Each structure stands twice: as C-alpha cells, then as structure tokens.
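Step one of this worksheet: look at the structure below.
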Amino acid sequence: MAFMRKSKFRHVFGKPLKKDDGYDNIRVTKNSWDSPFCSVNPKYIAIITEVAGGGAFLVLPIKQTGRVEMNQPVVDGHKGPVLDISFCPHNDDVIASCSEDCTVKVWQIPEGGLTRNLTEPVVELVSHIKRACIVHWHPSAQNILLSAGADAKICIWNVGTGELYVEVNLPDLIYSVNFSYNGNRFVCTCKDKILRVIDSRTGKVIKETKEPCHQGSKPAQALYLKNDKVFTTGFSRMSERQYALWDANTLEQMSMDEIDQANGVLMPVYDGDVEMIYLIGKGDSIIRYYEITDEAPYVHYLSLYQSKDPTRGFGVMCKRGLNINNCEIMRIYKLLNTGQVEVIPFTVPRKSELFQDDIYPDTASDQPAVSGEDWFRGVDANPVLLSLKDMFASEMKEPAKVVVKSNILDKKVPATPSRSVGATPQATPQAKSAVRPASEAAAPAAAGAGTELPPENENEIPRPSKPSIGPKPGANSEPEGVSISDLLDEVKQLKKTVKEQDKKLRQCEERLSTLESADGENNAE
C-alpha cells in the first residue's frame with residue numbers, strides 16, 4: 001500500500017516575476033569557474049560582469065529593476081577576472097571578492113549605491129600565490145572571512161585588521177568550502193575526491209573519508225548542515241549526477257541517490273530554518289528541492305521548478321529580504337545567458353492572512369554574535385536570531401471590531417398573574433410539566449365574578465373563560481417550576497456546543513480548500 005509522507009512544504013512552488021521586476025542588459029561573465037557569479041542581500045544585488053581587461057562586478061540597489069544602463073558604475077579594482085563575490089552577513093554594505101590576480105579584496109558600498117566606479121578597496125588581503133577562487137564569510141563572528149585558492153591553500157582572515165589567523169594547506173585544488181552552523185568547523189571538497197572536516201581555528205583535519213565521496217572526476221560541492229550532517233553533490237563513475245548525506249562526526253554515508261546524467265555541476269543551496277535544499281545546476285533549466293529529516297532516507301524529494309532558459313549563475317536572498325505576507329520561503333535570482341536576471345520566489349500556499357509561524361522560525365539576523373578576536377580565542381556562538389513576525393504586515397482591510405451587547409438573559413422573567421378565586425380550570429397533563437410556555441403559564445383571569453353565568457341554552461355545554469393576557473400586580477416574580485440559573489446554564493451549554501461545531505466546520509473548510517488547490521495544481525501539471 002502506497003504511503004505519502006506528510007510535509008508542510010510538499011506544495012511549495014516557484015513562479016517567476018514579470019520581466020520588468022527583474023534585471024536586463026547585463027553582460028554576465030563567461031568564466032568557466034564553477035561559481036554562482038552573483039550575491040544578494042536585502043539592499044543590493046551584485047553580479048560578476050565580463051570586461052575587456054581586469055575584473056569587475058556590478059552592484060545595483062535591489063529595487064532598481066529593469067534595464068541596466070551601459071555606463072552603469074561598477075566595482076573595478078582587480079587586475080584579473082573576478083571569480084567569486086559574497087556579501088557580508090553582518091553588514092549589507094560590505095562585499096568581498098576574489099580574483100585571478102591572487103588577491104582578496106573587501107569593498108564598502110556607499111549608501112544608496114554606486115555613483116561612480118569604485119576602485120579603492122577597504123582591505124586588500126594578499127597570501128595566495130595562485131588565483132583566489134572562493135570567498136566565504138563566517139556565520140556568527142564579526143569580520144571573519146575565509147578564502148581558498150588554486151594553490152590548495154585555505155586562509156582565514158580578520159578583515160577588520162587585515163590579519164591572517166589560520167592557513168590550511170591541502171593536497172589538491174579546492175572545489176568548495178562551507179562553515180558549520182556556529183563556524184567552529186568547515187567542510188571542503190578537493191580534486192582528490194576526499195571529503196574533509198577541518199577545525200576553523202587550528203586548521204587540523206578532524207575527519208576525512210577513506211574513499212572518494214563521489215567517484216566521478218568532475219567537481220563535487222559540500223554543505224555543512226545543522227544537527228552535524230554534511231550534504232554533498234557530485235558525479236558517479238558513469239558520470240551520473242548524485243547527492244549524498246553524511247554524518248559530520250564520523251563521515252559515514254547516511255544516504256546517496258542518483259539524479260540524472262546531465263553535465264552541469266550541481267550547486268546546493270541550504271535553507272537551515274526549514275531544512276530544505278535546492279539543487280541548481282550550471283546549464284540546467286530545472287531547480288529541484290528536497291527536505292532533510294531525521295527519518296530514513298533522510299533526503300526527501302519535494303518538487304521542481306522548470307523553465308525554458310538554462311542557468312548561467314544565481315543568487316539567493318536571505319530571509320530578511322523575503323515577502324513574509326505572501327508566505328515566500330526562498331527567492332532565487334537566476335542569471336541567464338541573454339543578460340537577463342529572472343527573479344523566482346518560492347511560496348508555500350496558505351489561505352490565512354495571519355503570520356505563519358510554522359514556516360517562519362527565528363532566523364539569523366545581521367548582528368554578529370561574537371567579535372573576531374574573541375572567536376579566535378576560542379569563544380563559539382550561534383548566530384543571533386531574529387523574529388520575522390516583526391516584518392509581517394497584516395493585509396486585512398478592516399480590523400476586527402468587538403461589539404459589546406447587553407445579555408438579554410439578564411432581564412427578569414415577567415411575573416406570573418395570580419388566579420381568580422372562583423376560576424378553577426382543570427390542569428391538563430401538559431400544564432403539569434416542569435417547564436411551561438409563557439402563554440400556558442399565564443393563569444386564566446375572571447372578570448370580576450367568582451363564577452361564570454349559566455348558558456342561555458340548557459343543552460349548550462359550558463365553556464371556560466379565556467385567560468387574560470399580561471401579568472397582574474402582586475404576581476410571583478418567576479413562573480412555577482422555572483429557574484433562571486437553570487436557563488442560564490442551558491444557554492451557556494448551547495453556546496459552547498455552537499462554538500465547537502463552528503470550529504469543526506472551519507477545519508473541514510480549510511482541509512477542503514487545501515485538497516482543491518492541490519487537485520488544481522496537479523491538473524495544471
């Protein structure tokens with residue numbers, strides 16, 4: 001019997017924005033190095049561009065969409081082509097870049113964006129003797145930057161002082177580097193196909209695989225996940241693209257699966273808040289996404305986004321820059337070979353207009369958790385978290401108003417009129433019940449006389465006099481057999497029952513709408 005695993009992200013879908021909401025007329029670099037060529041934060045988008053001499057990259061305000069002018073100012077300070085760029089997670093105006101000129105440079109973007117070409121960096125870091133290929137910021141420590149070069153050397157810098165803290169020499173060309181959640185370790189893949197976990201402060205190899213993590217000769221990529229797991233992508237001996245999940249403490253393989261036989265390197269993107277991974281391949285028109293769980297096989301396929309244009313590069317927006325009101329959990333900026341940047345939000349379909357706390361846990365803020373000096377002395381700290389509820393703005397047209405009305409049950413029950421002395425109608429079985437209607441509870445009144453007049457016709461059957469309407473002075477305050485407290489208890493019980501039924505009705509309607517939307521998406525596919 002087929003069993004479908006429950007997941008709140010099963011129906012996540014990507015839908016590109018209009019062309020006017022993206023960027024166009026950008027000369028994206030044609031370099032063959034396996035890098036995203038793009039970096040994004042809530043203020044700017046940076047893209048490595050193709051230039052005649054030296055190296056440059058474009059920095060645009062995130063809201064400056066549309067066609068980019070040919071004379072748009074750029075960051076032009078490298079003597080060789082730029083290979084990688086990365087915005088600082090703790091300062092949206094700071095970006096690091098590395099180049100084939102063997103240098104790593106840190107730049108300060110002026111407030112509001114560039115008005116002229118920026119050629120002077122804030123800090124220039126020189127240690128690599130071959131081209132610098134990778135730059136990666138520490139997730140929680142201030143001003144700590146990692147760089148890797150073709151000289152098989154990894155350097156960890158304090159960019160605030162320009163000091164080189166750690167230098168790690170590896171046996172072969174480095175393909176990817178990624179810090180752990182608190183940054184005390186990092187994982188890397190090399191051309192020798194060995195996966196290594198290294199201490200960030202000492203540079204010592206903590207653990208490495210005895211055999212190649214992926215048998216293929218093409219580059220492998222690695223991510224350090226939460227809960228001490230490592231995710232890698234690579235190629236099999238038959239050039240089939242595959243991914244694998246490892247235990248970070250022992251580097252024992254937990255799961256491996258093959259995807260397809262395409263040629264592009266799969267570059268993984270990790271969303272640690274919701275434990276999702278997006279796989280983006282160079283030259284692919286498909287973006288696949290998976291969910292990481294603690295139950296086998298640990299990596300669960302969710303869905304894919306497909307378009308007609310291949311991917312040249314990409315950038316990923318952090319949670320601070322997403323549209324929380326639209327239940328957006330990821331936004332990818334896809335670089336195309338045509339010079340266009342396509343903006344693709346990934347959304348969880350929800351009906352409610354309230355804040356969805358189950359898909360928006362606290363995320364990393366732009367505040368560092370520890371200084372670079374303290375971190376190097378041995379202080380570890382997780383990233384400072386930020387609640388996204390403060391960024392949520394309700395779109396309800398009118399706020400709910402509470403109208404206070406008087407309780408009609410607080411009014412006293414009309415007094416029961418007293419019976420006349422002479423009127424003694426016989427009580428019916430209905431009248432002997434504990435609770436009687438008000439029309440029956442009213443006693444029949446006699447108009448002055450104690451007895452009724454005899455009928456004119458002796459054969460005519462005498463009829464009782466009609467009861468009078470309304471109470472008489474001096475009547476009792478409550479009908480006989482009726483208690484106000486009992487009525488109030490009964491009303492409260494009825495209200496409680498109505499609320500429970502109304503809650504069940506809303507739940508059924510939400511489930512019905514979810515099933516209808518899922519059926520609609522399946523029919524559309």
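Counting from 1, the numbers follow the sequence of the chain as shown. This is a predicted model, so every value here is computed, not measured.
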Counting only heavy atoms not in Asp294, do more than 12 fall under 6.0 Å of its CG?
-> no
Have Tyr165 and Asn158 got a donor and an acceptor in their side chains that come within less than 3.5 Å?
-> yes
Any Lys/Arg nitrogen of Arg320 or Asp92 sitting under 4.0 Å from an Asp/Glu carboxylate oxygen of the other?
-> yes
Exercise: identify the closest heavy-atom pair between Gln221 and Ser176 | OE1-CB, 3.4 Å
In a check of ring-ring contact (aromatic ring centres under 6.0 Å, His included) between Tyr289 and each of Tyr278, Tyr301, Tyr270, Tyr305, which one passes?
-> Tyr278
Any sub-3.5 Å donor-acceptor pair from Ser285's side-chain atoms to Lys308's backbone N or O?
-> no
Side-chain donor-acceptor pair present, Thr119, Asn117, cut-off under 3.5 Å = no
Between Asp390 and Ser387, does any side-chain donor sit less than 3.5 Å from a side-chain acceptor?
-> no
Mark yes or no for whether Asp284, through its side chain, and Ile286, through its backbone, hold a donor-acceptor pair below 3.5 Å.
-> no
Run the numbers on Tyr290 and Tyr243 for ring pair (Phe, Tyr, Trp, His ring centres under 6.0 Å), then give the verdict.
-> CA-CA 11 Å; Tyr290 301 78; Tyr243 65 80; 5.1 Å; yes
Look only at the side chain of Thr233 and the backbone of Leu266, and say whether a donor-acceptor pair between them is shorter than 3.5 Å.
-> yes
May I ask you to check whether Ser7 and Glu291 show a side-chain donor-acceptor distance below 3.5 Å?
-> yes
Compare every heavy atom of Lys282 with every heavy atom of Trp33, then report the nearest pair and how far apart it is.
-> O-NZ, 3.7 Å
Looking only at side chains, do Thr293 and His300 share a donor and an acceptor under 3.5 Å apart?
-> yes
Begin with the C-alpha distance, continue with both residues' side-chain angles, and end with the deciding distance and a verdict on salt bridge (charged side-chain N to carboxylate O under 4.0 Å, His left out) for Lys334 and Asp309.
-> CA-CA 10 Å; Lys334 179 180 175 181; Asp309 298 311; over 6 Å; no
Side-chain donor or acceptor of Asp93 paired with backbone N/O of Gln108 under 3.5 Å = no
Under a 4.0 Å N-O cut-off, is there an ion pair linking Lys19 with Asp24?
-> yes
Do Thr49 side-chain atoms and Arg27 backbone N/O form a donor-acceptor pair below 3.5 Å?
-> no
To the nearest 0.5 Å, tell me how far Leu245 CG sits from Lys229 NZ.
-> 6.5 Å
Kindly say whether Gly183 contributes a backbone atom to a donor-acceptor pair with the side chain of His138 at under 3.5 angstrom?
-> yes
